[in-house]
Amino acid sequence: MASIESKDIHKIVVACDAGMGSSVMLATQLRKQLKDQNVQVEHTPVNSIPADADVVVCHAGLANRARAGAPDKVLIPFQVFIGDPAVTRLVSTIKSGGTVNA
């Protein structure tokens with residue numbers, strides 16, 4: 001299981017099927033929630049996850065594709081775009097410190 005310390009998270013990538021609609025919405029939400037944490041948040045197509053991503057957030061239906069394209073990254077799959085417990089946990093851990101586990 002991949003993990004990363006919250007202090008080592010500098011870039012989160014929200015990946016979706018095309019890299020537009022839903023990922024833009026979630027990336028914007030994460031940027032607002034993490035604005036004081038010095039964490040960059042981007043959105044991208046799941047097949048184009050950048051090498052400098054520390055954490056990849058994507059819908060559970062895309063998790064296998066994200067793992068295949070970025071096997072060494074911490075992957076946070078979620079079920080719902082707004083208020084998903086996995087995303088809430090990620091934000092909480094980054095703000096309070098600790099380890100983020102895939």
Side-chain angles (χ1 to χ4, degrees):
M1 175 186 278
S3 65
I4 188 170
E5 291 300 314
S6 59
K7 65 179 177 51
D8 296 327
I9 298 173
H10 304 290
K11 185 173 187 176
I12 296 174
V13 171
V14 180
C16 77
D17 208 17
M20 292 199 226
S22 54
S23 65
V24 172
M25 180 177 66
L26 182 55
T28 299
Q29 176 189 3
L30 284 171
R31 262 187 227 106
K32 287 178 185 176
Q33 292 175 339
L34 297 171
K35 67 181 179 203
D36 298 329
Q37 303 303 314
N38 197 27
V39 174
Q40 180 183 358
V41 180
E42 294 182 0
H43 60 90
T44 184
V46 71
N47 295 331
S48 302
I49 296 168
D52 63 344
D54 297 307
V55 175
V56 177
V57 177
C58 72
H59 190 272
L62 298 174
N64 288 337
R65 286 172 57 194
R67 273 190 201 96
D72 58 331
K73 307 299 178 189
V74 173
L75 177 66
I76 307 295
F78 63 87
Q79 294 292 331
V80 294
F81 282 93
I82 302 296
D84 190 275
V87 176
T88 301
R89 237 183 343 269
L90 172 64
V91 170
S92 262
T93 303
I94 291 171
K95 287 183 173 183
S96 63
T99 303
V100 175
N101 296 304

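We number each residue from 1, following the sequence as shown. Treat the numbers as computed from the prediction; the structure is a model and nothing was measured.
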- Take V14 and C58 through the test side-chain contact (heavy atoms from CB on, under 4.5 Å) and record every step on the way to the result. CA-CA 6 Å; V14 180; C58 72; over 6 Å; no

- Message: Can you give me the closest heavy-atom contact between I4 and D8, atom names plus distance?
- Response: CD1-O, 3.7 Å

- Can you name the side-chain contact (heavy atoms from CB on, under 4.5 Å) partners of A60, sequence neighbours left out? P77, Q79

- Task: Sort and list the pairs that fulfil salt bridge (Lys or Arg N to Asp or Glu O under 4.0 Å) and have at least one residue in residues 76-93, not counting sequence neighbours.
- Result: none

- Task: Please list, chain by chain and in numerical order, all residues satisfying side-chain contact (heavy atoms from CB on, under 4.5 Å) with T88, sequence neighbours excluded.
- Result: none

- Task: Measure the shortest side-chain to side-chain distance between V13 and V41 over non-hydrogen atoms and say whether it is less than 4.5 angstrom.
- Result: no

- Message: Closer than 3.5 angstrom, by distance alone: can the side chain of T93 be matched with the main-chain N or O of G97 as a donor-acceptor pair?
- Response: no

- Query: Sequence neighbours excluded, which residues qualify as side-chain hydrogen bond (donor to acceptor under 3.5 Å, both in side chains) partners of Q37?
  - Reply: none

- Let me see the working for I76 and V56 under side-chain contact (heavy atoms from CB on, under 4.5 Å), right down to the final yes or no. CA-CA 6 Å; I76 307 295; V56 177; over 6 Å; no

- Message: A side-chain contact here means heavy atoms from C-beta on lying under 4.5 Å apart; do L26 and V57 qualify?
- Response: yes

- Query: Rounded to the nearest 0.5 Å, how far apart are CD1 of I12 and NE2 of H43?
  - Reply: 14.5 Å

- For the pair Q29 and F81, evaluate side-chain contact (heavy atoms from CB on, under 4.5 Å) and give the outcome as yes or no after the intermediate values. CA-CA 10 Å; Q29 176 189 3; F81 282 93; over 6 Å; no

- Task: For T99, check side-chain hydrogen bond (donor to acceptor under 3.5 Å, both in side chains) against everything at least two apart and list the hits.
- Result: E5

- Pairs touching residues 57-72 that satisfy salt bridge (Lys or Arg N to Asp or Glu O under 4.0 Å), sequence neighbours left out: D17-R65

- Counterpart residues, side-chain contact (heavy atoms from CB on, under 4.5 Å), relative to A70 (two or more places apart): I49, K73

- Message: Under the salt bridge (Lys or Arg N to Asp or Glu O under 4.0 Å) definition, can you give me all pairs with a residue in residues 45-55, not counting sequence neighbours?
- Response: K11-D52

- For P50 and T44, work out which heavy atoms get closest and say how close. CD-CG2, 4.2 Å

- Item | Chi angles and distances behind the side-chain contact (heavy atoms from CB on, under 4.5 Å) call for V39, V55 | CA-CA 11 Å; V39 174; V55 175; over 6 Å; no

- Please tell me if the side chains of V87 and V80 come closer than 4.5 Å, counting only heavy atoms from C-beta onward. no

- Query: What residues, two or more places apart in sequence or in another chain, satisfy side-chain hydrogen bond (donor to acceptor under 3.5 Å, both in side chains) together with Q40?
  - Reply: E42

- Query: Can you tell me how far the CG atom of L62 sits from the CG atom of L75, to the nearest 0.5 Å?
  - Reply: 10.0 Å

